[in-house]
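Data block below; observations after.
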Amino acid sequence: MTMPSVLAMDQQPEIKWLCDTLYLAVNIMDRYISRRVVPIEHYQLIALTALWIAAKKEDHSLGCLLLGPCSDVLTRDPWNSTLVKHMGWFFMELTLYGREFIKYKPSSIAFGALTLARFLLLNQKSLEVAESLDGHLAQHFNDLSEILVKKYSFKFYSEVAPLVMRYYSQHGRRFIHRNLSF
């Protein structure tokens, strides 16, 4: 997939609109064409439509959420509370206005927003458990139950055991516990 180029956008000094409008328009167009096969002769129409939608969003006359096709990640998952969903949507919409997010695929943005929302909303005990589990795996990844590793090595369980073992053998402990209180 071809990703938008911030450098190419910066080389258009004659365009005097809000930067947010441009980035939002490119984001909308990119999300649309990543989901549909579009004939090349329709690209200009799609670009203009995306620019119109972005301009309407900028002047606040468009009252809809422009979250895109990957936002359903937040609504499909039964583990997500309403608070997690709303925070995830907030984070995803924030990425529409930042040029540093253009290089990421919408699916990466959706999962990143979901990860951050879940992290911020974890209670202190959940953080302690995650930190302890991370430490245990880092120290004992070679000493895990053979039965458990074998069970989770099958495709039925997405072969997660080899993935976890490989991750901890290469990277070691990764969780950084910070005392967060809101």
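Follow the hydrophobic side-chain contacts under 4.5 Å out from Tyr104 and you reach Trp89 in the same cluster. Under the 4.5 Å side-chain heavy-atom criterion for ILVMFWY residues, a single connected hydrophobic cluster contains both Ile28 and Trp52. In the hydrophobic cluster analysis, where Ile, Leu, Val, Met, Phe, Trp and Tyr join through side-chain heavy atoms closer than 4.5 angstrom, Val164 is grouped together with Leu133. Hydrophobic clustering (ILVMFWY, side-chain heavy atoms < 4.5 Å, transitive): Tyr157 and Leu148 are in one cluster. Cluster annotation: Phe90 and Leu114 are assigned to the same hydrophobic cluster (Ile/Leu/Val/Met/Phe/Trp/Tyr, side-chain heavy-atom contacts under 4.5 Å, transitive).
Between the OH atom in Tyr168 and the CG atom in Leu144 there is a gap of 10.5 Å [rounded to 0.5 Å]. Ile109 contributes atom CD1, which lies 11.0 Å from atom NZ of Lys103 (distance to the nearest 0.5 angstrom). Atom CD1 of Ile46 and atom CD of Glu41 lie 10.0 Å apart (nearest 0.5 Å). Rounded to the nearest 0.5 Å, atoms CE (Met92) and CG (Leu116) are 12.5 Å apart. We find the OG-NZ distance between Ser145 and Lys151 to be 10.0 Å, quoted to the nearest 0.5 Å. Atoms CE and OH, on Met165 and Tyr152 in that order, are 15.0 Å from each other to the nearest 0.5 Å.
Residue Ala161 comes nearest to Ser153 through the heavy atom pair CB-OG, 3.7 Å, listed as atom of the first residue, atom of the second, then distance. Closest of all the heavy-atom pairs between Tyr43 and Pro39 is CD1-O, 3.4 Å. The minimum heavy-atom distance between Met87 and Ala117, with the atom names listed, is SD-CA, 3.7 Å.
Using modelled atom types, one side-chain atom of Ser34 and one backbone atom of Asp30 make a donor-acceptor pair closer than 3.5 Å.
Residues Glu159 and Lys155 have side chains in contact (heavy-atom distance under 4.5 Å, counting atoms from C-beta outward).
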Going through the distances and angles, do Leu94 and Phe101 end up as a side chain to side chain contact (heavy atoms under 4.5 Å, CB included)?
CA-CA 9 Å; Leu94 280 176; Phe101 299 104; over 6 Å; no
Can you list the steps and then say if Tyr32 with Val38 is a side chain to side chain contact (heavy atoms under 4.5 Å, CB included)?
CA-CA 9 Å; Tyr32 182 81; Val38 179; 4.1 Å; yes
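Other residues, nucleotides and ligands place no more than 12 heavy atoms under 6.0 Å from the CD atom of Gln44.
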